[in-house]
Amino acid sequence: MGRKPIPDAKKSLQGTLKKCRMQETSMPTTGVCKPITKTTAPPWLTDKARRIYGDTAKMLITWRVLTKLDLPLLAAYAAAYANLIAANDDIAEYGYFVTTYTDKGVTRTLHPAAKMFKDSLDTVNKIGAQFGLSPVSRRSFDAAAGGRKEEPKKEEDQFAEFFK
């Protein structure tokens, strides 16, 4: 197991980053892990889920993070997001609780859409984080990409800049 590797961006800030020790986190440019440029929604998705799939796919394609292997996960994300919206609409229309009148009295229970809302929200958050759709996961993607984009400055240059 060992300890977790230190991100290249942090090593660069510390001044300990060397080219031979840089982490190879870039996506392969061949095979199934190659970023794709277009996709279509699977036919089993609802209309709302297809729109969500298309919008999210466009965004992930522009970020160059969507591959063929990610398409089923993206479809699951879109379906969960559509379920989340449907559950929210039901809760808005009928309320968060259901009141049942019986001969023994009044019973208030949680609306079934409330559980569906919670489950869908959890799924959307988990899958979305894998694609970088949450602020925390985006920050970790930016830190990983930051170490690859620019060459680290040499210690002499940083020292000279400090005294300018």
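Every heavy atom of this structure was used, including side-chain atoms; hydrogens, water molecules and symmetry mates were not. Bear in mind the structure is a predicted one, so any value in this text is a computation, not a measurement.
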Residues Asp70, Leu74; criterion side-chain contact (heavy atoms from CB on, under 4.5 Å); working and verdict = CA-CA 6 Å; Asp70 301 327; Leu74 180 59; 5.6 Å; no
Trace of the salt bridge (Lys or Arg N to Asp or Glu O under 4.0 Å) decision for Asp122 with Lys118 = CA-CA 6 Å; Asp122 290 343; Lys118 182 189 177 306; 3.2 Å; yes
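Under the 4.0 Å criterion applied to side-chain N and carboxylate O atoms, Asp47 and Arg51 are not assigned as salt-bridge partners.
Remark: Gln130 CD to Leu73 CG distance equals 5.5 Å, nearest 0.5 Å. Atoms CD1 and NZ, on Ile36 and Lys68 in that order, are 8.0 Å from each other to the nearest 0.5 Å. Atoms CE and CG, on Met116 and Asp90 in that order, are 6.5 Å from each other to the nearest 0.5 Å. Note that NZ of Lys48 and CG of Leu84 are 10.5 Å apart. Values are rounded to the nearest 0.5 Å. Rounding to the nearest 0.5 Å places CD of Glu93 at 12.0 Å from CG of Asn88. Once rounded to the nearest 0.5 Å, the distance linking CG of Leu71 with OG1 of Thr40 reads 8.5 Å.
Residues Phe117 and Ile91 have side chains in contact (heavy-atom distance under 4.5 Å, counting atoms from C-beta outward). Counting heavy atoms from C-beta outward, Thr107 and Thr99 have side chains that stay 4.5 Å or more apart. Taking 4.5 Å as the limit, some side-chain heavy atom of Phe97 sits within range of a side-chain heavy atom of Arg108. By the 4.5 Å heavy-atom criterion applied to side chains, Thr56 and Leu133 are counted as neighbours.
Clustering ILVMFWY residues whenever any of their side-chain heavy atoms sit less than 4.5 angstrom apart, transitively, puts Tyr96 in a cluster other than the one holding Ile85. By the rule that hydrophobic residues join a cluster once side-chain heavy atoms approach within less than 4.5 Å of another member, Leu110 and Tyr101 end up as members of separate clusters. Clustering ILVMFWY residues whenever any of their side-chain heavy atoms sit less than 4.5 angstrom apart, transitively, puts Leu66 in the very cluster that holds Met59.
When every heavy atom of Ile52 is checked against every heavy atom of Ala82, the shortest pair comes out as CD1-N, 3.8 Å. Taking both residues in full, the closest heavy atoms of Pro112 and Val98 are given as CD-CG2, 4.3 Å, listed atom of the first, atom of the second, then distance. Annotation for Ala87 and Ala113: closest pair CB-O, 3.5 Å, computed over non-hydrogen atoms. Counting all heavy atoms, side chain and backbone alike, Gly132 lies closest to Ser137 at CA-OG, 3.3 Å. Across all their heavy atoms, Ala78 and Ala49 have their closest contact at CB-O, 3.4 Å.
No donor-acceptor contact under 3.5 angstrom links the side chains of Ser120 and Thr123, judged on distance only. Using modelled atom types, one finds a donor on one side chain and an acceptor on the other under 3.5 Å when comparing Thr39 with Tyr53.
Put simply, the side chain of Arg50 gets close to the backbone of Leu45: a donor and an acceptor are under 3.5 Å apart.
Between Tyr77 and Phe131, the angle of the ring planes goes over 60°, which puts this pair in the perpendicular group of the 30/60° scheme.
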